[in-house]
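No hydrogens, no waters, no symmetry mates; every other heavy atom, side chains included, goes into these values. Throughout, residue positions are numbered sequentially from 1 according to the sequence presented.
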Amino acid sequence: MSGYQGLPMGQQERVNDSCNSDAAAMANIDNPIPGVVAQLAQGFKDGRLASHIEPVPIPSKDAVIGLIEQAQQILFPGFFTPMSLRPENLEYYLGQQLSLLYENLATQISSAIRHDCFRHNQVCTHCGERSYAAAAALLQSLPAIRELLETDIQATLVGDPAAANADEVIFSYPGLFATMVYRLAHRLHQLGVPLLPRIMSEHAFHRTAIDINPAADIGGSFFIDHGAGVVIGATTRIGNRVRIYQGVTLGALSLPRDAGERLRNVKRHPTIEDDVIVYANATILGGRTVVGKRSIIGGNVWLTESVGQDTKVALEQPELVYLGKEDQG
C-alpha cells in the first residue's frame with residue numbers, strides 16, 4: 001500500500017507532488033481571458049451585441065420590484081406593512097408612502113427615458129420634467145386603479161366558492177397580484193414610459209406564471225382562477241366581468257419572420273367581450289377573433305374564428321376506456 005493512501009485528498013496531492021505537476025501543466029496553457037475580453041468588448045462597442053454602455057443609468061430591476069411593493073402597500077394598507085394602521089394615522093401613512101413612491105418612481109422613469117433617448121439618438125425631451133409628470137399621473141390614477149381592483153376582488157369572491165373572504169384573496173390569490181401589477185404597468189404604458197411596464201409584468205410572471213402584456217386592455221371585475229400558464233397578448237381586448245382559468249392563451253396566429261416590425265401596431269390578439277368565461281387550457285388566437293358576450297369557451301378548445309353572443313363552445317366528449325383485471329384477462 002502506498003504511503004499516502006487513506007490520507008485526505010489535499011494531503012495525498014502534497015505527498016505525491018501532484019500540486020507542482022498541475023502548476024507546471026497550467027503554465028503551458030494560454031490564458032483565455034484576454035482574447036475573450038477583446039471579442040466581447042468589440043461586439044459591445046460596435047453595437048453588434050446588445051449592451052448598456054451609456055453615460056446614463058439604466059432602470060434597476062430591483063428598484064422596480066420595490067415600486068410594485070410600495071404600490072401594493074398603498075393600495076392595500078395594513079396588509080403588507082409591519083406597522084398597525086388605525087383611522088387616526090392612516091392619512092399620515094398614506095402621505096408618507098405616496099411621497100416615497102413619487103420620488104422613487106420618478107427616478108426610475110427618468111432612467112428609462114434617458115436610456116431610450118441615448119439608445120435611439122433622440123433629441124432632448126426634458127427627461128426630468130417628463131419623469132415627474134408621468135409619476136404624478138400614475139399617482140393620480142391610483143384611486144381609480146384601486147376601485148378597479150375592488151371589482152376584481154369581488155369578481156373573485158363571486159366566481160370562486162373556495163374564496164372565503166377578501167382578505168384571503170388579497171393575501172394569497174396569484175390572479176389578483178398579477179392583475180394589480182398589470183393595472184399599474186398598463187397605466188405607465190399609456191403614459192408612454194419605456195421599459196418599466198415590461199419589467200413589472202416580467203416580475204408578475206416570475207411570481208405567478210401569469211403573463212399579461214401591459215398593452216392589453218382589460219375591463220373591470222376581471223378574475224383569473226388558479227392562473228398558472230395564462231398568457232394575454234399585447235393587443236388583447238377584454239371586457240367586463242370576464243373569468244378565465246389556468247393555462248388559457250389569448251394569443252396571435254402564426255407570425256412571419258419579420259412580424260416584429262411589420263405587425264407591431266396591428267391587432268394580433270383576440271377580443272373577449274363582457275361576461276365571457278374561458279375554461280382551463282383553452283387557446284384563442286387571432287386579431288379578428290371575437291368571443292361574443294356571455295359566451296362560454298370550454299376547456300382545451302382551440303379557437304381561431306369568432307363566436308357569437310350567448311354561445312357555448314366545447315370539444316366532443318372523448319371516449320374513455322376502462323381496463324380492469326377482468327378486461328386484461
[X] side, atom [atom1]; [Y] side, atom [atom2] - distance, nearest 0.5 Å:
X	Y	atom1	atom2	answer
Lys312	Ile277	NZ	CD1	9.5 Å
Glu273	Ser306	CD	OG	9.0 Å
Asn89	Gln96	CG	CD	10.5 Å
Arg241	Asp275	CZ	CG	4.0 Å
Gln39	Phe44	CD	CZ	11.5 Å
Leu184	Leu75	CG	CG	6.0 Å

Can you name the residues that form a side chain to side chain contact (heavy atoms under 4.5 Å, CB included) with [X], not counting sequence neighbours?
X	answer
Val158	none
Ser60	Asp62, Ala63, Gln108
Arg187	Ala137, Leu138, Ser141, Ile145, Gln190, Leu191
Gln246	His226, Ala280

Is there a side-chain contact between [X] and [Y] in this structure, where contact means two heavy atoms from C-beta onward sitting under 4.5 Å apart?
X	Y	value
Pro34	Asn31	yes
Leu142	Leu101	yes
Leu195	Pro59	yes
Ile113	Val193	no
Phe223	Ile153	no
Ile170	Phe80	yes

Going by the angle between their ring planes, with limits at 30° and 60°, are Phe79 and Phe76 parallel, tilted or perpendicular?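 Perpendicular: the ring planes of Phe79 and Phe76 meet at over 60°.
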Under a 3.5 Å distance rule, please check whether [X] uses its side chain to pair with a backbone N or O of [Y] as donor and acceptor.
X	Y	answer
Thr235	Lys267	no
Ser172	Val169	no
His269	Gly286	no
Asp274	Asn240	yes
Asn165	Glu168	yes
Lys45	Gly47	no

Starting from [X] and following side-chain heavy-atom contacts under 4.5 Å between hydrophobic residues (I, L, V, M, F, W, Y), which residues can be reached?
X	result
Leu250	Tyr182, Ile210, Ile212, Ile218, Phe222, Ile224, Val230, Ile232, Ile238, Val242, Ile244, Val248, Ile272, Val276, Val278, Ile284, Val291, Ile297, Val301, Leu303, Val307, Val313, Leu315
Ile33	Val37
Leu148	none

Please determine, by modelled atom types, if Thr179 and Arg183 share a side-chain donor-acceptor pair under 3.5 angstrom.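 Their side chains do not contain a donor-acceptor pair, so the 3.5 Å distance test is not met.
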Minimum heavy-atom separation for [X] to [Y], with atom names?
X	Y	answer
Ala204	Ala178	CB-CA, 4.3 Å
Ala215	His189	CB-NE2, 3.5 Å
Ala282	Gly298	CB-O, 3.6 Å
Ser221	Asp152	N-OD1, 3.4 Å

For Asp160, side chain to side chain donor-acceptor pair (under 3.5 Å) partners two or more places apart: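 Partners of Asp160 by the side chain to side chain donor-acceptor pair (under 3.5 Å) criterion, ordered by chain and then number, come out as Tyr173.
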Salt bridge (charged side-chain N to carboxylate O under 4.0 Å, His left out) partners of residues 276-304, not counting sequence neighbours, each pair once: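 Residue pairs with at least one partner in residues 276-304: Arg294-Asp310.
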Leu67 and side chain to side chain contact (heavy atoms under 4.5 Å, CB included): which single residue from Leu188, Asn104, Thr107, Leu100 fits?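 Exactly one pass, corresponding to Asn104.
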Please identify each residue that fulfils ring pair (Phe, Tyr, Trp, His ring centres under 6.0 Å) with Tyr102, with sequence neighbours left out.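 Residues passing ring pair (Phe, Tyr, Trp, His ring centres under 6.0 Å) with Tyr102: Tyr132.
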Which pairs pass side chain to side chain donor-acceptor pair (under 3.5 Å) with one or both residues in residues 192-208, sequence neighbours excluded?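 Output for this query lists Lys61-Glu202.
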Tell me whether Val64 shares a hydrophobic cluster with Leu98, the cluster being built from Ile, Leu, Val, Met, Phe, Trp, Tyr side chains joined at under 4.5 Å.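 Yes; tracing contacts between hydrophobic side chains, which count when under 4.5 Å, links both residues.
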Before giving the answer on side-chain contact (heavy atoms from CB on, under 4.5 Å), spell out for Met83 and Tyr93 the whole-Å C-alpha distance, their side-chain angles and the decisive distance to 0.1 Å. CA-CA 10 Å; Met83 63 181 294; Tyr93 167 80; 3.9 Å; yes
Output all residues satisfying salt bridge (charged side-chain N to carboxylate O under 4.0 Å, His left out) with Glu88, sequence neighbours left out; order by chain, then residue number.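 Glu88: salt bridge (charged side-chain N to carboxylate O under 4.0 Å, His left out) contacts with Arg86.
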